[in-house]
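Because the structure is predicted, anything quoted here is derived from the model rather than measured.
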Amino acid sequence: MIKPFDKPITVARPALPPLEEFQQGLEGIWNRAWLTNNGLLVEQFRDNLIEFCGTKNLSLFVNGTLALQIALQGMGITGDVITTPYTFVATTHALFWNKIRPVFVDIEPEYYSLDPDQVEAAITPWTSAILAVHVYGQPCRLKELEQIARKHGLKLLYDAAHAFGVEVGGTSISQFGDLSMFSFHATKVFHSIEGGMLTFRDPEYQRVFDYLKNFGFENETEVVMPGTNAKMNEFQALMGLLLLVHMDEMIEKRRAINERYRERLASIPGIRLVAQPADTVRYNYAYLPVEVDEKELGLTRDQLYLNLREYNVFARRYFYPLVSDFACYRGSVVTGNLPVARRVASRILTLPIYSDLALNDVDRICDIIGHIQSGAVKGAAAINYSQQTESELVLPGAQS
Ligand code: T4K
């Protein structure tokens, strides 16, 4: 019998800078008494991100969801947008808030991003753009999507919420497509507590996005467009500034964790690791997704998920159910039966990964999975998944 962890091991856990550094930054904020509305730290954070991403066309927001909503609005996208059902629901919500109709097409089986052939087949006269997602930070099929977008005169947007720090062929992923949105939420590889960033090809968008996130104000007496409030504040920028300098170190720690999981899980039947990114990709190891093969493991994905909870390991099923299965999107256009997305959503489990996760904890998580698997194969009644129903589940967090 393997002992459960004493404390919950959650799928993500925010990286934090040394507390004294944050306290020192707070003193500056206190002295200036300037908390939001394009403060000094937000300006500095933007400058440092421009250097990090290699593009001046960059705008900061209070979170990634509002950044994407504003992007779609500011770019004037209307009609139908071809997108993926295999994502966090915010990708689609941003379309909905702009009265754009999502057209869901299937994903490819290797990295779970939009399948370019399916995208091309779904284009109609009403299509105005493609909204693809770099799921788990793995780059989409960049070249193919770019070719399709250019050929059909469509805008190409990336939801790069998971992909901060990723490079392809030495170029920041922020420089592909017409626009990319990054999330700096606390659960991400890099964060500013909450936060979002847009990077874009056309410098004209800068003005538009800056108006839209600040009520459309030109000056005290003129409003040039009906904007909203989506400004990043100084506390967020402080967190971001202090963490940005640790990017390499945080990615390196995640790389080691990813490698250990791969070594240890390779021998467990029924656990399929997602392909490593191509050699040209500098990956950020944002998530640790595995596919569960029910027959080989002797348990369904959900049974494994519930069993792990008994050991205080809180994996998550990112991304299940498919967005197109949520009640509010059932009337949307769905092309085909989405066989790949459906299969992946029913098998996927994302295991805990964060830069401070100790390698011996990774070993223990893998030992637990091995133990559950061998128990299942022996038909051990000790497996306790039937005692909790999904609606009774409480995730650890603020509640605990
Ligand atoms: N597009 C995509 C593809 C996205 O994945 C997301 C967000 C967005 C767009 C929208 O970006 P933002 O507007 O969020 O910037 C979490 C995140 O809240 C969300 O940002 C993220 N994707 C999504 C994949 O994951 P939940 O509802 O699963 O989070 P929650 O509260 O259950 O947290 C997950 C685990 O992290 C918890 O079990 C415990 C741990 N945790 C969480 C927080 C907030 C901590 O240890 N400390 C914390 O402060 O959505």
Without swapping roles, check the side chain of N233 against the backbone of Q236 for a donor-acceptor pair under 3.5 Å.
yes

Without swapping roles, check the side chain of Q303 against the backbone of T300 for a donor-acceptor pair under 3.5 Å.
yes

Short side-chain donor-acceptor distance under 3.5 Å, S113 and Q138:
no

Are side-chain heavy atoms of T335 and F104 found at a separation under 4.5 Å?
no

Just wondering, do C328 and F96 contact through their side chains at under 4.5 Å, heavy atoms?
no

Side chains of M239 and P17 in contact at under 4.5 Å (non-hydrogen atoms)
yes

Side-chain heavy atoms of R264 within contact of R260, under 4.5 Å
yes

State whether Y305 and R317 meet the cation-pi test: NZ (Lys) or CZ (Arg) under 6.0 Å from the six-membered ring centroid, and within 45° of the perpendicular axis.
yes

Nearest heavy-atom pair of L243 and L16: which atoms, and what distance?
CD2-C, 3.9 Å

Let's go through T228 and N214 carefully: what are the C-alpha distance in whole Å and the side-chain angles of both, what is the deciding distance for side-chain contact (heavy atoms from CB on, under 4.5 Å) to 0.1 Å, and is it a yes or a no?
CA-CA 6 Å; T228 183; N214 188 28; over 6 Å; no

Charged N-O contact under 4.0 Å between R347 and D302
no

Indicate whether the side chain of S59 and that of D210 have a donor and an acceptor atom separated by less than 3.5 Å.
yes

Can you tell me how far the CG atom of L142 sits from the CD atom of Q175, to the nearest 0.5 Å?
12.0 Å

Donor-acceptor pair, distance only, cut-off 3.5 Å: does the side chain of N284 make one with the backbone of V166?
no

Nearest 0.5 angstrom please: E27 CD to R32 CZ, how far?
11.0 Å

Start with the C-alpha distance between Y112 and H134, add both sets of side-chain angles, then the distance that settles side-chain contact (heavy atoms from CB on, under 4.5 Å), and finish with yes or no.
CA-CA 9 Å; Y112 312 144; H134 302 305; over 6 Å; no

For a quick check under 3.5 Å, do E51 and N48 share a side-chain donor-acceptor pair by atom type?
no

Contact check, side chains of N258 and Y261, non-hydrogen atoms, under 4.5 Å:
no

Check L238 against L26 and note the closest heavy-atom contact, atom names and distance.
CD2-N, 3.7 Å

Just checking, is any N or O donor in the side chain of E259 or Y285 under 3.5 Å from an acceptor N or O on the other one?
no

I want to know whether F164 and F184 have ring centres closer than 6.0 Å.
yes

Are I353 and F5 connected, step by step, through hydrophobic side chains (Ile, Leu, Val, Met, Phe, Trp, Tyr) whose heavy atoms are closer than 4.5 Å?
yes

D356 vs K253, salt bridge (charged side-chain N to carboxylate O under 4.0 Å, His left out): CA-CA, chis, key distance, verdict
CA-CA 8 Å; D356 290 334; K253 284 186 183 168; 3.6 Å; yes

Between I50 and V245, is there a shared hydrophobic cluster once you connect ILVMFWY residues whose side-chain heavy atoms come closer than 4.5 Å?
no

Evaluate the side-chain proximity of E234 to L40: yes if any heavy-atom separation is below 4.5 Å, no if none is.
yes

Less than 3.5 Å apart, any donor N or O on the side chain of S183 or H185 sitting next to an acceptor on the other?
no

Between the side chain of N337 and the main-chain N/O of P339, is any donor-acceptor distance below 3.5 Å?
no

Distance in Å, T10 OG1 paired with Y354 OH, rounded so as to fall on 0.5 Å steps:
5.0 Å

Over all heavy atoms of both residues, which pair between T55 and S174 is shortest? Give the atoms and the distance, please.
CG2-OG, 4.3 Å

Would you mind checking if D293 and R272 are paired as a salt bridge, meaning a charged N to carboxylate O distance below 4.0 Å?
no

Can you establish whether the number of heavy atoms outside Q276 located under 6.0 Å from its atom CD is more than 12?
yes

For the pair E294 and R301, find out whether any cationic side-chain nitrogen is under 4.0 Å from an anionic carboxylate oxygen.
no

Looking at L351, is its backbone amide N or carbonyl O close enough to the side chain of R316 to form a donor-acceptor pair, meaning the two atoms are under 3.5 Å apart?
no

Knowing that exactly one of Q73, Q69, H93 qualifies, which makes a side-chain hydrogen bond (donor to acceptor under 3.5 Å, both in side chains) with N98?
Q73

Between the side chains of D248 and R255, is the shortest nitrogen-to-carboxylate-oxygen separation below 4.0 Å, so that they form an ion pair?
no

Taking all non-hydrogen atoms of both residues into account, name the closest pair between K213 and K231 and its distance.
O-CG, 3.4 Å

Please go through F200's hydrophobic cluster and name the other residues, only I, L, V, M, F, W, Y counting, with side-chain heavy atoms under 4.5 Å joining them.
F61, L68, I70, L72, M75, I77, V81, L95, I100, L131, L157, L179, M181, L198, Y205, V208, F209, Y211, L212, V224, M225

Are L349 and L308 packed together at the side-chain level, in the sense that at least one heavy-atom pair is separated by less than 4.5 angstrom?
yes

May I have the step-by-step check of side-chain hydrogen bond (donor to acceptor under 3.5 Å, both in side chains) for E310 and N307, ending in yes or no?
CA-CA 5 Å; E310 304 286 325; N307 259 272; over 6 Å; no

One should read off an interatomic distance between I123 CD1 and Q118 CD, to the nearest 0.5 angstrom, of 12.0 Å

Considering only NZ, NE, NH1 and NH2 on the basic side and carboxylate oxygens on the acidic side, decide whether K143 and E146 come within less than 4.0 Å.
no

Both conditions, 6.0 Å and 45 degrees, for the charged tip of R309 above the ring of F314: are they met here?
no

Here's a test for you: under side-chain contact (heavy atoms from CB on, under 4.5 Å), which of V42, N38, N37 qualifies with M232?
V42

Would you kindly confirm whether W34 and I193 end up in one hydrophobic cluster when ILVMFWY residues are joined by side chain heavy atoms under 4.5 Å apart?
no

Pairwise distance CZ(R262) to SG(C366) - rounded to 0.5 angstrom:
12.0 Å

N/O donor-acceptor pair under 3.5 Å between D115 side chain and D117 backbone
yes

Give the minimum heavy-atom separation between Y111 and A275, together with the two atoms involved.
CE2-O, 3.4 Å

Quick check for you: to the nearest 0.5 Å, what is the distance between R342 atom CZ and I107 atom CD1?
11.0 Å

Parallel, tilted or perpendicular: rings of F319 and Y86 (30°, 60°)
perpendicular

N219 CG: over 12 foreign heavy atoms closer than 6.0 Å
yes

For the backbone of P289 and the side chain of T350, can you confirm whether one donor and one acceptor N or O come within less than 3.5 Å of each other?
no

Just by distance, do the side chain of N63 and the backbone of E194 share a donor-acceptor pair under 3.5 Å?
no

Flag yes if M197 and V62 sit in one hydrophobic cluster, no otherwise; membership is Ile, Leu, Val, Met, Phe, Trp, Tyr, and two members link when side-chain heavy atoms are under 4.5 Å apart.
no

Side chain T91, main chain T87, donor-acceptor under 3.5 Å:
no

Determine whether L244 and L19 fall in the same hydrophobic cluster, where Ile, Leu, Val, Met, Phe, Trp and Tyr are linked whenever their side-chain heavy atoms lie under 4.5 Å apart.
no

Quick one: closest heavy-atom pair of V334 and S324, and the distance?
CG2-CB, 4.1 Å

Does R141 pair with E110 as a salt bridge, N-O distance under 4.0 Å?
yes

What I want to find out is whether R101 reaches D80 closely enough, with some N-O distance under 4.0 Å, to be called a salt bridge.
yes

Answer yes or no: is there a side-chain heavy-atom contact under 4.5 Å between I251 and R282?
yes

